[in-house]
Amino acid sequence: MKTLLMVDGSSYLYRAFHALPDLRNRLNEPTGAIYGVLNMLRRLHKQYHADYSACVFDAKGKTFRDAIYPEYKAHRPAMPEDLASQIPLLHACIHAMGWPLLMEDGVEADDVIGTLARRATDSQVQCVISTGDKDIAQLVSPDIQLINTMSNELLDEAGVIHKFGVTPSQIIDFLALVGDSADNIPGVEKVGPKTAAKWLKKYGNLEKLIAHAHEITGQVGENLRRSLDWLETAKTLLTIKCDVPLVLDWQDLVAQSPDTSQLAALYERLEFKSWLRELTQGQSTKAPAQNALQVKYASADSASNDCSSNYETILTESQLNDWLMRCERAELVSLDTETTSLDQMQAQLVGLSFCVEAGHAAYLPLAHTCPGVPQQLDSKWVLARMQPWLENPSKFKIGQNLKYDKHVLANYGITLRGVAHDTLLQSYVLESHLSHDLDSLAKRHLNYTTISYEELTGKGAKQIGFAQVAIDQATKYAAEDADITLRLHQSLFPQLDKTAHLADIYQTIELPLIDILFQIERNGVLLDVDQLHAYGKEVLRQLEILEQQAHATAGQAFNLNSTQQIQEILFGQLKLPVTKKTPKGAPSTDESVLQQLALDYPLPRILLEYRMLAKLKSTYIDKLPRMVNQNTGRVHTHYAQAVAVTGRLASNDPNLQNIPIKTPAGRRIREAFIAPEGWYIISADYSQIELRIMAHISQDKGLLKAFTEGRDVHRVTAAEIFGMPVEQISQEQRRYAKVINFGLIYGMSEFGLAAQLGIDRAAARNFIERYFIRYPGVADYMQRTREMAKQNGYVETVLGRRLQLSDIRSPQHNRRMGAERAAINAPMQGTAADIIKLAMIAVHNWLAQTEAQSKLIMQVHDELVLEVPENESATVMQQLPVLMENVIKLDVPLVVQTGQGRNWERAH
DNA sequence: TCCGAATGCAA
DNA sequence: TATTGCATTCGGA
């Protein structure tokens, strides 16, 4: 049987343009989209030896769809000039490569493809359609398959059912219900893929669904009934025409042999060097592996998404020996572990993967239990064999989040050393505002779609463990991860290295921090479970009393945890005044609202008390004891090193960075964080670090002076804005000044200040004006920062860490203002984050050098917490401030306050 | 079982 | 209509 290969060129054109970096030749002509599309055609050509082929593009001009629906694709902006300018050369290349190129005026590419696919089926020709567009799934049949060449996803009939939950013949109905945002075709409101598939499964098709529309209950049902007329039109728009009159012969679809000299001239102009070399040297079609480090010019080769690969499964002793030798010899080895659990303290190894050179990776299964599993090497023996290499600090390793792998190996008594790089942190330092998971990185930087974990294991309740995954599947996935990580390093590291400050932050802050965070997490913190348990009982009694009081006061029973029910009672039945709404428009019942209402009514006061205790109980009192590790008897948090865009750490499972402190009830919880017998908790925190950083960055004379002279800065500020001597400032006036000082750090508006202080806007504006008159350097800094952000698209910390602000030029006022506030805050929050990270490194190194037993156990943004044996406490108390205050030299002094006690509360 | 909304804890 | 996070409960699908 003959085959026809069709490529939906238009669907790839935009994707290539946006997915690839802005490649240009020496003439500064953009070339990225050309490269992307050609690269795909080359891959397809290698992959399929089709008898007929065609590359199809949309032509200019209106189509019948525009006629029946003027908004069709109307939301799409005009094609960017940088893309439009690439099209003539792209077409020239395709032509020179010998591909039949089709463009029909007034007909969309989809309809050309549909028509040819129909003809192919009629002529008993098999059809493969390469597209990134899901609409075309409607064409799939036993003789017609889709392939998404960017993601390597193949869709046959079963594939469509698996992906969309409906058959190819139901795809049009499915899309009509869901809508297609790419073409600006709305669906039924609130109906997503799940609902649409469910309905179509039940009723068969849209017609029958419409006939039973009255049976659908709820809001969705109403939405459906409202959309009935539209659905017909949507169907027409979404249906690919398979009967377009095309004057074409099968002969027109036979590929010609490439015009080599023409092609060489084009590649020369476009500077596609490796392809050019291939032509001139008459090499095989396989492109040589590229070393991104050497690609200095705007050569398109560095964007190669041709991740050709050779993955091996290690099942024999000799294979292992072979790979170990390669690891020993390689300059840098990419390493990844597959495990039984996301909890790094519990995780057991299922397998290990390595990559020594892009494209050459291996998977070493150790504990797969899938049916029909082959004999695997004995894991104890393997680990003993590998331990010397893993622990050798001069054998360099790279990975994606190696802190996790270090924990996993530590569970087997192995200390991973020689961590030279981590792609998670490279991406984080380079582009903290984007996602850093391996799948996203591969897509973004290599234009490559990895096999997702869920593809192998499923998701939700039916998800299986990695050990149940078949070994060949696991090899593809795990070896690919190691391979991709190495390739990412080759792309990311040179980018980092271009900006000295970013390279420094990566090398001297983030990389060294891996081991320190690992150690802190491993150390854990001791919890007085009995105390929490007793306190929980006490709180439970209070909650029961409060609940009864609330029900009695309201005159009915209701769920005190339900904001909706509280809304109904306060504003629906009791008719209390609504002062604030939630973002969705419902009357808010948050703390500030209840506090206001509590002045005049009894119920809000009860609710406030209830909420505070309920929160403490569920989030901390009950939860923390359950998080105690059974083996160590301690709580081990996880620090996320690449989550917060400003450079801060984040803590989770459990979050130890939001343990209560403000209320007496909250402090009872801090009392449960204890030191073992014979040890102390010592806490050291930076005093007003962000305000000090603001003084340093803004160089405001008044602020610098206040800090340099060691004054109470809130009191000084109050004196300035109230125009009174410092000695006469009241507590209330100081509180105002403090709110203003903090507000400034967050880029607060007069509205926000008014809300915060409970004063009117005019008064708030007055305070801000007086502040800026007294501290003109600060006003100036705010303005400079906004401008810097707008100009560069990013802001920087004192050490040069960057935060990109993609919304800073947004036409949407809200987004732009949000970005401006973030621009003002990020340098201060981020510099503080840099400083405490330096402090962690300094403290850790000092403890190691002096061979102290004391250990870091927590970091809370501006505070370090240590567990210290009695005999070391005096030294630590004396040395901590010295170390922390001198990690950086600012134009104001840094001040560190320390405390020690049997528990965290007492250490404050 | 999953997800968004509302809420609230920290620095 | 104040920055950065994480985690809880509810309630709808």
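Throughout, a chain's letter reflects where its sequence line sits, starting with A, and its residues are numbered from 1.
Using a 4.0 Å heavy-atom distance criterion, A:N559 is classed as a sugar-phosphate-only contact. Note on A:K623: only backbone sugar-phosphate atoms sit closer than 4.0 angstrom, heavy atoms only; bases stay farther off. Within 4.0 Å of A:G747, counting heavy atoms only, lies no atom of the nucleic acid at all. Residue contacts shown for A:K198 are absent, as no nucleic acid heavy atom lies under 4.0 Å away. A:D685 comes within 4.0 angstrom of no nucleic acid atom, judged by non-hydrogen atoms across all strands.
Considering only side-chain atoms of A:V739, the nucleotide from C:dG5, B:dG8, C:dA2 that sits closest is C:dA2. The A:T619 side chain lies nearest to C:dA7 when the options are B:dA10, C:dG5, C:dA7. Closest contact between the side chain of A:I661 and the listed nucleotides C:dG5, B:dA10, B:dC9 involves B:dA10. Proximity note for A:N652 (side chain, C-beta onward) versus C:dT3, C:dC6, C:dG11: the nearest is C:dC6. The side chain of A:P660 has B:dA10 as its nearest neighbour among C:dT4, B:dA10, C:dT8. Between C:dT4, C:dA13, B:dG8, one nucleotide has an atom nearer to the side chain of A:N658 than all others, and that is B:dG8. Side-chain proximity of A:Q829 to the nucleotides B:dT7, B:dA11, C:dT4 is greatest for C:dT4. With distances taken from any side-chain atom of A:A650 to the nucleotides C:dC6, C:dT8, C:dC10, the minimum falls on C:dC6. Between B:dA11, C:dC6, C:dT1, one nucleotide has an atom nearer to the side chain of A:D862 than all others, and that is B:dA11. Nearest nucleotide to the A:K584 side chain, out of C:dG12, B:dT7, B:dA5: B:dA5.
When the side-chain nitrogen and oxygen atoms of A:Q565 are compared with OP1 and OP2 of C:dG11, one or more of them lie within a distance under 4.0 Å. Of the side-chain N and O atoms in A:K615, none sit less than 4.0 angstrom from OP1 or OP2 of C:dA7. Distances shorter than 4.0 Å separate some side-chain N or O of A:T582 from OP1 or OP2 on B:dA6. Checking the phosphate oxygens (OP1, OP2) of B:dT7, a side-chain nitrogen or oxygen of A:S588 falls inside 4.0 Å. Taking side-chain N and O atoms only, A:N655 has no distance below 4.0 Å to OP1 or OP2 of C:dA7. The phosphate of C:dT3 (OP1 or OP2) has no side-chain N or O of A:T646 nearer than 4.0 angstrom. In this model, the phosphate group of C:dT4 is not approached by any side-chain N or O of A:N825 to a distance below 4.0 Å at OP1 or OP2.
Residue A:V220 comes nearest to A:K190 through the heavy atom pair CG1-O, 4.0 Å, listed as atom of the first residue, atom of the second, then distance.
Just one of A:H636, A:K403, A:H407 meets the side chain to side chain donor-acceptor pair (under 3.5 Å) condition when paired with A:Q344; it is A:H407.
Whole-Å rounding puts the A:Q564 CD to B:dA6 C1' distance at 9 Å. Distance, A:K580 NZ to B:dA6 P: 12 Å, rounded to whole Å. The distance between atom CD of A:Q463 and atom C1' of B:dC2, rounded to the nearest whole Å, is 14 Å. Atom CD of A:Q567 and atom P of C:dC10 are 15 Å apart (whole Å). Atom P of nucleotide B:dG8 and atom NZ of A:K617 are separated by 19 Å, given to the nearest angstrom. One interatomic measurement links the two molecules: CG of A:L649 to P of C:dC6, which rounds to 11 Å at whole-angstrom precision. Between the P atom of C:dT3 and the CE atom of A:M782 lies a distance of 13 Å, rounded to the nearest Å. Atom CG in A:N223 sits about 15 Å away from atom P in C:dG12, given to the nearest Å.
Of the charged side-chain nitrogens involved, none lies within less than 4.0 Å of a carboxylate oxygen, so that A:E215 and A:K202 do not count as a salt-bridged pair. By the 4.0 Å N-to-carboxylate-O rule, A:R784 lies close enough to A:D780 to be salt-bridged with it. A salt bridge does not link A:E885 to A:R692: none of the charged side-chain nitrogens sits closer than 4.0 Å to a carboxylate oxygen. In this structure, A:E510 pairs ionically with A:R801, as a charged nitrogen and a carboxylate oxygen lie closer than 4.0 Å.
Below the 3.5 angstrom threshold, one finds a donor paired with an acceptor across the side chain of A:R648 and the base of C:dT4. At a cut-off of 3.5 angstrom, the base of B:dA11 holds no donor-acceptor pair with the side chain of A:E690.
Within the 4.5 Å cutoff, no side-chain heavy atoms of A:M858 are placed close to those of A:E863.
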